[in-house]
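Here the structure comes first, spelled out in structure tokens, and everything after it is commentary.
Below, all heavy atoms of this structure are taken into account, side chains as well, without hydrogens, waters or symmetry copies. Treat the numbers as computed from the prediction; the structure is a model and nothing was measured. Residues take their numbers from the sequence shown, with the count starting at 1.
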Amino acid sequence: MDGIEYPIGQQDFKALREGNYIYVDKTRYLEYFVKPGKYFFLARPRRFGKSLFLSTLQYFFEGRRELFHGLYADSMDWDWKEYPVLHLDLNTDRYSEPETFSEVLDTVFEQWERRYGIDPEEARRRRFSQRFKRIIEAAHISTGRQVVILVDEYDKPLVNNLDCDEQFESFRSELAGVYSNFKSGAEHIRLVLITGVSRFSKLSIFSDLNNLNDISLDEPFSDICGITERELRENFEEGIDLLAVKMKCGHEEVCALLKQNYDGYRFSAEGSEIYNPWSLLNCMDKCNIANYWNHTGIPTLVAQVLKRSNVNLEELFNTQCTLDMLLGLDLRSADPLALLYQTGYLTIKSYDADINIYTLGIPNREVSTGLFDVLVPYYVKTKGEPTETVVRKLTASLMIGRPEEFMKNLRIYFAGIPYEMNMENENNFQNCFFILMSLLGFNARPEVHTSDGRIDLLIDTGKYVYIIELKYDSTAAAALEQIDSKNYDLPYRGGGKKIFRIGAAFSSKTRTIQDWKIS
């Protein structure tokens with residue numbers, strides 16, 4: 001294992017195999033794609049290995065058996081003949097200008113046209129949909145074999161232009177024309193595999209492609225991208241041991257931290273949990289547990305949709321839904337639940353087959369931290385101290401058992417929220433409080449059920465337990481009386497931890513915590 005490198009950002013299968021990189025063998029999935037006439041769609045969050053799998057398929061159908069030596073595919077019953085592969089990667093630009101999309105398509109199409117004997121100059125007088133049709137036909141005729149078509153990040157030109165109606169519609173129309181060839185050119189096509197972050201339901205991009213098989217939630221493909229627990233143990237033992245030495249802890253303790261930070265994704269009703277490959281590889285490469293996935297892009301779309309929808313965040317991040325609610329997504333009027341799931345901020349936690357209901361939740365600590373960091377400017381954009389400073393002060397006062405200091409800082413925090421946050425709306429108040437508590441970093445749990453009610457907020461620091469009841473336009477005395485009358489502290493007595501009972505009242509008039517009582 002000496003000298004092995006981790007393929008950070010390396011999405012080319014050939015470069016990965018010819019270099020001294022770790023490769024988690026996913027080639028067993030190639031067996032699903034070898035039958036002719038198959039059309040597939042796969043949605044996964046960003047940085048989950050979709051591009052690498054498409055690259056693997058490309059070299060497989062190009063007959064490059066030497067690259068698969070020692071892998072599962074090398075033992076498959078396969079003729080290893082070379083097929084024409086058209087690999088369209090739309091992840092190469094941000095598409096911020098109208099001409100960038102045309103430039104990307106023109107560059108790729110010209111390469112294919114020259115390869116299969118089409119005059120590019122003459123071809124440029126045609127629409128992109130017509131050019132693609134001729135390329136598919138020419139590739140089949142010139143090689144004598146049907147064409148394999150791979151489309152990576154089919155939706156990126158649209159996602160990056162949600163706020164520009166004219167450009168969005170232009171790109172949608174152009175893509176629909178290009179993709180229409182998947183059906184009209186079926187006699188020339190052996191395989192189509194399309195990948196993206198989201199499965200958009202109302203864009204009519206694939207309106208005529210009624211044989212497109214969406215495998216995004218299918219059990220056999222649940223771990224086609226990402227890394228399972230078994231794959232972690234089989235491929236990353238050396239990296240785990242190095243982390244254990246650096247962190248001065250045991251092997252299993254490191255594994256527990258990796259699971260807490262990067263595991264927890266699940267892409268089918270009964271599938272296994274999956275590690276985020278980007279985060280795991282970066283962690284091993286840098287020998288440091290940190291937040292890596294969040295730095296690959298700020299999903300402002302997610303934050304904008306949540307704010308516009310005026311949803312209760314606490315309920316949204318622990319919710320139940322049907323399969324249709326997971327799959328359906330209209331980009332122009334995005335449903336927050338489907339958007340959060342398809343972008344990786346929510347994942348399947350469990351499935352009840354009797355009622356056909358999925359339970360969703362946040363996958364892991366890395367996602368939770370990144371998500372709430374993104375939401376802070378949209379929900380808790382204070383006029384006073386930066387949110388990080390407020391969070392630090394609140395955390396410190398909780399850790400040393402100073403509830404009075406905690407409440408004073410909490411009042412200052414809410415008093416600094418500007419008027420456009422509309423704190424007269426109780427839902428906004430609850431969302432602001434929920435985000436703040438989520439950023440504290442230790443065990444802060446809202447809406448904890450007891451035998452006689454629900455605790456608004458329970459915070460356990462390991463040394464202290466804080467039971468907090470919040471009243472909206474009421475009194476602190478009423479809040480504290482509810483804690484005492486319902487014996488919210490009963491399950492925590494005798495645990496050796498000091499218990500603080502805090503009743504607090506928030507005023508919509510003054511827009512802050514008006515009063516509190518501590519016992």
Close aromatic pair by centroid cut-off 6.0 Å: [X] and [Y]:
X: Tyr265; Y: Phe48; value: yes
X: Tyr262; Y: Trp293; value: no
X: Tyr6; Y: Tyr21; value: no
X: Phe317; Y: Phe372; value: yes

Tell me whether [X] contacts the main-chain N or O of [Y] through its side chain, where contact means a donor paired with an acceptor under 3.5 Å.
X: Arg266; Y: Glu273; result: no
X: Arg145; Y: Glu82; result: yes
X: Gln10; Y: Asp12; result: yes
X: Gln342; Y: Leu326; result: yes
X: Glu219; Y: Gly271; result: yes
X: Lys50; Y: Val197; result: no

Can you confirm if the NZ or CZ of Arg17 lies within 45° of the ring axis of Phe68 and under 6.0 Å from the centre of its six-membered ring? no
When the ring planes of [X] and [Y] are compared, do they come out parallel, tilted or perpendicular, using 30° and 60° as the limits?
X: Phe132; Y: Phe109; result: parallel
X: Phe33; Y: Phe40; result: perpendicular
X: Tyr59; Y: Phe13; result: tilted

Sequence neighbours left out, what passes side-chain hydrogen bond (donor to acceptor under 3.5 Å, both in side chains) with Asp263? Give chain and number order. Lys259
Worked verdict on Lys26 versus Glu231 for salt bridge (Lys or Arg N to Asp or Glu O under 4.0 Å): CA-CA 10 Å; Lys26 297 286 186 178; Glu231 290 167 338; 3.0 Å; yes
With side chains defined as the heavy atoms from C-beta onward, is the minimum distance between [X] and [Y] less than 4.5 Å?
X: Phe171; Y: Asn161; value: yes
X: Leu243; Y: Leu257; value: no
X: Val151; Y: Leu86; value: no
X: Phe41; Y: Thr195; value: no
X: Leu191; Y: Pro36; value: no

If you apply the rule side chain to side chain contact (heavy atoms under 4.5 Å, CB included), what do you find for Gln58 with Leu54, and how did you get there? CA-CA 6 Å; Gln58 176 178 341; Leu54 286 188; over 6 Å; no
Testing the 3.5 Å rule here: is there a donor-acceptor pair between the side chains of [X] and [Y]?
X: Asp152; Y: Ser51; value: yes
X: Asn181; Y: Lys133; value: no
X: Glu187; Y: His140; value: no
X: Tyr275; Y: Asn364; value: no
X: His251; Y: Asp241; value: yes
X: Asp214; Y: Ser216; value: yes

What's the verdict on salt bridge (Lys or Arg N to Asp or Glu O under 4.0 Å) for Arg46 and Glu153, showing C-alpha distance, side-chain angles and the deciding distance? CA-CA 9 Å; Arg46 69 185 192 278; Glu153 303 292 356; over 6 Å; no
Would you call Arg131 and Asp106 a salt bridge, taking side-chain N to carboxylate O under 4.0 Å as the test? yes
Using the rule given for side-chain hydrogen bond (donor to acceptor under 3.5 Å, both in side chains), can you reason through Tyr292 versus Asn276, listing the C-alpha separation, both sets of side-chain angles and the distance that settles it, and then say yes or no? CA-CA 10 Å; Tyr292 298 104; Asn276 183 319; over 6 Å; no
Salt bridge (Lys or Arg N to Asp or Glu O under 4.0 Å) between Asp74 and Arg65, intermediate numbers included: CA-CA 7 Å; Asp74 196 27; Arg65 186 169 190 171; 2.9 Å; yes
So Glu31 and Tyr72, side-chain hydrogen bond (donor to acceptor under 3.5 Å, both in side chains) or not? Walk me through it. CA-CA 10 Å; Glu31 289 185 319; Tyr72 180 91; 3.1 Å; yes
Give the intermediate values and the outcome of side chain to side chain contact (heavy atoms under 4.5 Å, CB included) for residues Tyr23 and Leu71. CA-CA 10 Å; Tyr23 174 67; Leu71 301 179; 3.7 Å; yes
Go through it in stages, so that I can follow the logic: the residues are Arg172 and Glu169, the test is salt bridge (Lys or Arg N to Asp or Glu O under 4.0 Å), and I'd like the CA-CA distance, side-chain angles, deciding distance and then a yes or no. CA-CA 5 Å; Arg172 189 208 63 78; Glu169 180 54 34; 2.9 Å; yes
Applying side chain to side chain contact (heavy atoms under 4.5 Å, CB included), run through Leu30 and Trp78 and close with a yes or a no. CA-CA 10 Å; Leu30 298 177; Trp78 178 244; over 6 Å; no
Begin with the C-alpha distance, continue with both residues' side-chain angles, and end with the deciding distance and a verdict on side-chain hydrogen bond (donor to acceptor under 3.5 Å, both in side chains) for Tyr95 and Gln167. CA-CA 9 Å; Tyr95 305 101; Gln167 198 158 294; over 6 Å; no
